[in-house]
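Hydrogens, waters and symmetry mates are skipped; everything else that's a heavy atom, side chains included, is used. Letters A, B, ... mirror the listed sequences (proteins, then strands); counts begin at 1.
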Amino acid sequence: MPELPEVETVARQLAPLVSGRVVERLEILDRRLGRIRTSLRGLRISTVSRVGKQLVVELCGPPRRTRSTGAKGHASDAADRLWLAVHLRMTGRLLWTPAGRAPPREHLRARLILAGGELSFVDLRRLGTLRIHRSRDALQAVGVEPLAAQLTSRVLADLLAGSAQPIKPWLLRQDRLLGIGNIYASEILHRAHIHPERPAGSLGATEARRLWLAVRQVLRAAIRHCGTTISDFQDARGRAGSFQRRLAVYGREGEPCRRCGGPVERRVQAGRSSYFCGRCQR
DNA sequence: GGGTACCTGAAA
DNA sequence: TTTCAGGTACCC
């Protein structure tokens, strides 16, 4: 479910709600998430942000004693700062419930209990992940953030160069651009007038520039509308996004293209549906 | 590169 | 009953 705009929406909402709050404990309810040995008790949330499609809760606290050190034990600076990375995958939600209100119970997989409320990790399909990182480097993905100033149209053109992979599955690669998923890949290519089966490396300079613009315009617009809710996505307060009303092609097979009136087609690429207008995407 | 598995549920 | 789903890890 959640691509960059949905995750960004959740991060922006959570940051002011939970920053500064102290952790009571982390409860893992689904053993599929694995064991987390590190105690988070007493750590304070400094901020919530997004890296690619991951939500990152930054925690800091006073130096603590590590339990794994020998009999004496000693204060460890390394424990001073931790990052809790949550990947929502297909159906994950991170929901904020202030103290005094009832947190969700259905499909609840983990809870981060804080002073004044709790963050509930709800995930119907149980594909989501939750990990603790001890360094910021562990979070840095190889791909480029598509909304960062670093991504110029020139940088994008260089990334595309030489690739024979069709552009639609290319856009889903998280080792190139971060955060684009199946909905926005189709929407971006429609806006850029580019056919999803074009080899990535075959795009000329003008097309690469159009693609670059479309990436930024579509993602920014989707963030403004708090993401796309087809069936599952909810923001930190449990509300749906609204960008689904503005989708140009995704999920609209057989309906008329909003730009030229031609029929929207659906084709499977690398096992995933692509939607496009064969008349105005070349 | 693409196919498949992972997991659960809704819809066709 | 079968197909499909916003993601990605692992297999050739």
Side-chain angles (χ1 to χ4, degrees), chain A residues 1-11 29-34 50-55 85-95 104-110 121-131 139 141-143 146 159-190 196-202 218-219 221-223 225-236 238-254 266-275:
Chain A
M1 156 252 299
E3 305 179 32
L4 183 152
E6 290 75 34
V7 180
E8 181 70 23
T9 295
V10 175
L29 306 173
D30 181 358
R31 62 184 50 188
R32 196 171 196 282
L33 289 172
R50 175 192 63 75
V51 173
K53 297 176 188 172
Q54 300 206 86
L55 277 160
V86 181
H87 201 308
L88 305 174
R89 293 285 185 96
M90 297 288 264
T91 54
R93 301 171 181 172
L94 204 54
L95 298 162
R105 303 171 64 177
E106 199 175 16
H107 306 131
L108 182 61
R109 310 301 180 201
F121 180 48
V122 169
D123 185 14
L124 185 152
R125 287 175 68 181
R126 302 165 68 206
L127 297 173
T129 60
L130 203 152
R131 296 194 58 185
L139 292 169
V142 263
L159 286 172
L160 293 165
S163 173
Q165 187 171 26
I167 186 62
K168 161 56 166 49
W170 187 94
L171 285 173
L172 299 180
R173 297 178 57 167
Q174 303 299 299
D175 61 340
R176 293 298 186 270
L177 299 184
L178 288 170
I180 297 172
N182 209 37
I183 294 178
Y184 299 112
S186 282
E187 293 299 306
I188 286 164
L189 289 173
H190 178 262
E197 291 172 333
R198 290 279 304 283
S202 76
V218 168
L219 295 179
I223 291 170
H225 294 275
C226 298
T228 300
T229 299
I230 304 290
S231 60
D232 291 290
F233 173 64
Q234 287 186 357
D235 65 19
R239 291 192 299 235
S242 67
F243 197 70
Q244 62 279 7
R245 296 200 283 264
R246 312 183 103 80
L247 293 176
V249 286
Y250 185 86
R252 299 188 62 242
E253 182 181 16
R266 171 179 173 269
R267 210 167 284 183
V268 175
Q269 294 181 279
R272 316 206 57 196
S273 292
S274 300
Y275 296 87

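Here C:dG6 presents its P atom at 17 Å from CZ of A:Arg252, a figure rounded to the nearest Å. Atom C1' of nucleotide B:dC6 and atom CG of A:Asp30 are separated by 12 Å, given to the nearest angstrom. Counting to the nearest Å, the P atom of C:dG6 and the CD atom of A:Glu8 are 21 Å from each other. C:dG6 atom P lies 8 Å from atom NZ of A:Lys168, rounded to whole Å. Atom CZ of A:Arg131 is separated from atom P of C:dT8 by 14 Å (rounded to the nearest Å). Rounded to a whole Å, the CG atom of A:Asp232 is 13 Å from the C1' atom of C:dG7. The CD1 atom of A:Ile180 sits 12 Å away from the P atom of C:dT8 (whole-angstrom rounding). Separating the CG atom of A:Asp123 from the C1' atom of C:dA5 is a distance of 13 Å, rounded to the nearest angstrom.
Relative to the side chain of A:Leu127, the nucleotides C:dA5, B:dC6, B:dG2 differ in distance, and B:dC6 lies closest. Taking the side chain of A:Pro166 as heavy atoms from C-beta on, and the options C:dG6, C:dG7, B:dG2, the nearest nucleotide is B:dG2. Side-chain proximity of A:Arg32 to B:dC6, C:dG7, B:dG1: nearest is B:dC6. Distances from the side chain of A:Tyr250 to the nucleotides C:dT8, C:dG6, B:dT8 place C:dG6 closest. If you check B:dC7, B:dG1, B:dG2 against the side chain of A:Arg126, the one that comes closest is B:dC7. Distances were taken from every side-chain heavy atom of A:Arg89 (C-beta onward) to each of C:dA5, B:dT8, C:dT8; the shortest belongs to C:dT8.
Salt bridge present: A:Arg173 and A:Asp175 bring a charged side-chain N and a carboxylate O closer than 4.0 Å.
A:Phe243 has its side chain within reach of A:Tyr184: a pair of non-hydrogen atoms, C-beta onward, lies under 4.5 Å apart. Contact of the A:Ile183 side chain with the A:Ile230 side chain is registered, since non-hydrogen atoms from C-beta on lie closer than 4.5 Å.
For B:dG9, the OP1/OP2 oxygens have a side-chain nitrogen or oxygen of A:His107 closer than 4.0 Å. Remark: A:Arg272 is in phosphate contact with C:dG6, judged by side-chain N or O atoms under 4.0 Å from OP1 or OP2. Side-chain N/O atoms of A:Arg125 include none lying less than 4.0 angstrom from OP1 or OP2 on C:dA5. Residue A:His87 has no polar side-chain atom (N or O) positioned under 4.0 Å from OP1 or OP2 of C:dG7. A close approach under 4.0 Å does occur between a side-chain nitrogen or oxygen of A:Gln165 and OP1 or OP2 of B:dG2. Taking 4.0 angstrom as the limit, A:Thr91 places none of its side-chain polar atoms (N or O) nearer than this to OP1 or OP2 of C:dA5.
Contact annotation for A:Arg109: no contact, since no heavy-atom pair falls under 4.0 Å across all strands. Here A:Gln269 lies out of heavy-atom contact (under 4.0 Å) with every strand. At the heavy-atom level, A:Thr129 lies nowhere under 4.0 Å from the strands shown.
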(message) Would A:Val122 and A:Glu106 count as a side chain to side chain contact (heavy atoms under 4.5 Å, CB included) here? Give the steps.
(response) CA-CA 7 Å; A:Val122 169; A:Glu106 199 175 16; over 6 Å; no

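The minimum heavy-atom distance linking A:Val249 with A:Glu187 is given by the pair N-OE2, 2.9 Å.
Taking the P atoms as reference points, B:dG9 lies 22 Å from C:dT8, given to the whole Å. Separation of the P atoms belonging to B:dA12 and C:dG6 is 16 Å when rounded to the nearest angstrom.
Counting non-hydrogen atoms of neighbouring residues, nucleotides and ligands closer than 6.0 angstrom, the CZ atom of A:Arg131 reaches no more than 12 such neighbours.
Pair assignment for B:dC7: none, as no Watson-Crick or G-U wobble contacts are both less than 3.5 Å.
Residues A:Arg266 and A:Ser273 bring a donor and an acceptor atom of their side chains to less than 3.5 Å of each other.
One N or O donor and one acceptor, one from the side chain of A:Ser231 and one from the base of C:dG6, sit under 3.5 Å apart.
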